[in-house]
Structure formats: C-alpha cells, structure tokens
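Encoded as structure tokens, the structure appears first; notes follow it.
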Amino acid sequence: MPVIAVIGAQWGDEGKGKVVDMLAARADMVVRFSGGDNAGHTVVNPLGKFALTLVPSGILSPGTVCVMGNGMAIYPAMLLEEMDVLSGRGIDLSGLRISDRANIIMPYHRTLDRLEEKARGGEAIGTTGRGIGPAFADKAARLGIRAGDLLTPENFRERLVQVLEYKNAIITKVFGGDALSLDEIYREYLGFAKRLRPYICETTRLVAEAIDAGQEVLLEGAQGTLLDPDFGTYPFGTSSSPLAGAGAAGAGLGPLRINAVVGIFKSYCSRVGAGPFPTELDDEMGRLIRERGAEFGTVTGRARRCGWFDSVAARFSNRVNGFSSIALTRLDILDGMPSLRICTGYELDGKRIDEFPAGVHTLDRCRPILEELPAWQGPISGVRDRDDLPAEARRYVDRIEELIDTPVSIISVGAAREQTIICRSIV
Ligand code: IMP
C-alpha cells in the first residue's frame, strides 16, 4: 500500500481539505507535515462541515491514525479548542498523535508576528498573525520549545526563563511593547501539557511501522508551493516548506518511501495576503470568481484575491514538487462564466518568458499572456465521469493537463465528497 503526499500547488486554499478527506477515508494514517494554525482546511462530508486548522483532516475518518508531524508549529490553545469542538461533535480523537519534536507556538511568537508586521508598514506580508514566522525562525535559531519539552516541567521552565528574557528584551526594547509574564506563560503551558500529554510521543517509528506493515499513509500538506520560503514569492510567503520534499522531512520518513505526489490545483488562482500575483483580476471578473467561489479566508476571513489559472506558475510548481498527478478542484465555480482565460506565458519588458521569476520585483512587472477558451454552461456538479463534462469543460481540463504536462487524476466539482470525478488511479 502506498504513501501519498497531497501538496498545495498554488498559493494555498486549493481545496486540499476535501481531497485529503476523500483519500483519508481509505487511508490508515494521515500525517500533517508543515505549517500551523495559519492553515484552514474546510471539509464537507457525511458528518457535516468542518473547518480544521491543526488536526489532520483524517480525524474525520474513524480508525485513521492522525499524526501531527515534527515539521509543524503547534499553538496548543488552538489545538485544544479544535479538539474540544471535534469531540463535542462526536469525533473520536483517540487516533491523534503529536510528534514530541514538533515546535510549540508561544505567546511571544504571536505578539512578535503582530509587532513585526506593523513595523513592516507598507511592506507588510499580510501574515495570518498566528506567530508562524517567529516560531519557525526560533526553530532555525535553536530557540524553539518543542512538544516533548512540555512534558518535563523543570526543563521547560529553565528553557522558558532563558528564551523569554531574550524575547522580552526584543518586545520591549526594539518594539516598545509590554513584557510578557514568565509565571503566566509557565502556568498556562503546564495546563496545556497536562491535557496534551496522552497524545505527545515519538512519531517517526509509528509512521515507519505503518509503512512497513503495508498500510496506506497520506502526507497532508498545508499552504501552497508559491508560499514556500525557497520557491515561493519570497519574502511574501510563509515560513515552513509546503513542498513534497518537506513531506518526507516534516513527517520523518525517507523520500524514497513516497509513492505518489498529488498536486492540488484550483481551476483558477487565488491568494490571500500581499505579494505578486501575475494573473490577478482586479475587476468585475475577479469579484465574480470571489463571490461564486466564496473566496474568503478560513482562518482570517479576509477576502481572497482571485485571478485566472496561471500555467507558468503551475509548471514551476510541478518542477519543484515532481507531481505524479494533479487534482483539479472547484471546476464548478467556473460554470456559466462569461469568458475563460488561462495564462500561458508572461510578458516581461516586451519579451515573452516561460519561467517563473525568483524576484518579486521582476514578478510584479510580468504581464500575463492569456489564451481565451470557450466557456461552458453549468451546472457540472452532478457529473461523475470526465467524458460527461460539457465539451468546453473537457477542453479546459485537457489544456491544463497539456500545459503542466502531468495527468489529471481527480476533478472536484463541488464541496461534497461524492462531487468528484476520478479520472485515473493516483498511484
Ligand atoms: P503566515 O504563514 O501567517 O506567516 O503568513 C504568510 C503568508 O502566507 C501570508 O500571505 C498568508 O496569507 C499566507 N498564508 C499562510 N497560510 C495560508 C493558507 O493556509 N492559505 C493561504 N495563504 C496562507
């Protein structure tokens, strides 16, 4: 049985939650490998509608072991809130495991996220304000506190004393903010530790044993490739890698153990927060897509910027992830559109380019070269076979497949699990 990585291929919000939920229904284990509560995964299944930020979507499938991997940054207050909501709705949490190596988001991370954003002024990234950047910066700076540290109160306190002194100096002296109280944080986090203790453990062995036993394991990505700290629109991105390669590192397994990498692409593009977006539609069409697609952030409620499908970015995303197939989501949102376009190249300083530039200033100057495609009349939400799609919708999908040069395995035509077209096996 395979290990399948599910990866956001654009700027996040591609509809990974639905695809993971669908695949998790038959998986034995789901491992979330990056990000934190900046992610928002909306899942609609027979149990109802769920908005998850930290707990892997597999929790909704009874019997599935759900691992929060070492590559995550976890804010315990949010995790416990999410766990309470889930158990209040009758979801069994006994399969949840938290890597003892996962980094913990502390109150000063959230404080600093806000202070740093404010200090950036007009250059603000538009972060989710959840402390993600400061937490991953601390991980790299070896100042992080990890889930396992919470389990030994003396060691935790000693570490907190050291780190908080440094953080408070920055908060007060650099930003002129108020110092945070050691005792308050210590007490609060001991409370969290007490509740989370049964779930925190070494997880790489669990994952290895599942694979060795021939179980199906899903690696659940968060955010999207174009927010990656290396390959995204740096610095307008997030602080942990959403890429397939990070799936191995963030779950604690060797890359050769991954058998399939599914790239999740929305049938159009959206992004939330600041940064370049070459195919952005700052007009009536953009508003139409946003309204039809209800493109408002799951985590922050912010209106998402919307635009045409960008195949320059998509090819780049495919290159750095090595997708074995594509899941194309939200095709139904394009039902009955007055016209449809796909970006096939960029125009930069009067010349055509086909590569996704590294620099945001260059990207800002790129104008999309758009190819017009015939629109279809809907609704397509009831379609379950690719051949039964209207000819124009088939052509749209074929063209995307051709431009990315990777087969489409799944087409999503609605939020519900069954509103899905399976085109081919993903492994
Ligand atoms: P951060 O991850 O909160 O530091 O935010 C950095 C950038 O990534 C901002 O532009 C956010 O809007 C964006 N971002 C973070 N998480 C997500 C997500 O799950 N979906 C879409 N955008 C995200």
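First listed ligand is number 1; within each ligand, the first listed atom is number 1. All values below were derived from every heavy atom in this structure, side-chain atoms included, with hydrogens, water molecules and symmetry-related copies excluded.
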Determine whether the side chain, the backbone, both or neither of [X] has a heavy atom under 4.0 Å from any heavy atom of ligand 1.
X    : value
R302 : side chain
L227 : side chain
F236 : neither

For [atom], which protein heavy atom lies nearest, and how many Å away is it?
atom                    : answer
atom 17 (C) of ligand 1 : Q223 CG, 3.5 Å
atom 21 (C) of ligand 1 : D13 OD2, 3.1 Å
atom 11 (C) of ligand 1 : G126 O, 3.6 Å
atom 3 (O) of ligand 1  : T128 OG1, 2.6 Å

Under a 3.5 Å threshold, yes or no: a donor from one side chain and an acceptor from the other, between [X] and [Y]?
X    : Y    : value
R89  : S87  : no
D228 : S241 : yes
D310 : T279 : no
Q419 : S412 : no
E82  : T53  : yes
N318 : T406 : yes

Are A39 and ligand 1 in contact, using a heavy-atom cut-off of under 4.0 Å? yes
Contact between ligand 1 and G237 is defined here as a heavy atom of the residue under 4.0 Å from a ligand atom; is it met? yes
Below 3.5 Å, N or O to N or O, backbone or side chain included: is there any such pair between [X] and ligand 1?
X    : result
S239 : no
T238 : yes
R130 : no
T127 : no

Pair D84 + R195, salt bridge at N-O below 4.0 Å: yes
Looking at F277, does the NZ or CZ of R271 lie under 6.0 angstrom from its six-membered ring centre and within 45 degrees of the ring axis? no
Can you list the ligand 1 atoms lying under 4.0 Å from a non-hydrogen atom of V272? 10 (O), 11 (C), 12 (O), 21 (C), 22 (N)
Which ligand 1 atoms are under 4.0 Å away from a heavy-atom of W11? 21 (C), 22 (N)
Apply the side chain to side chain donor-acceptor pair (under 3.5 Å) test between E295 and each candidate in R302, R290, R287, R330; give the one that qualifies. R330
Can you confirm if the aromatic rings of Y396 and F309 lie within a centre distance of less than 6.0 Å? no
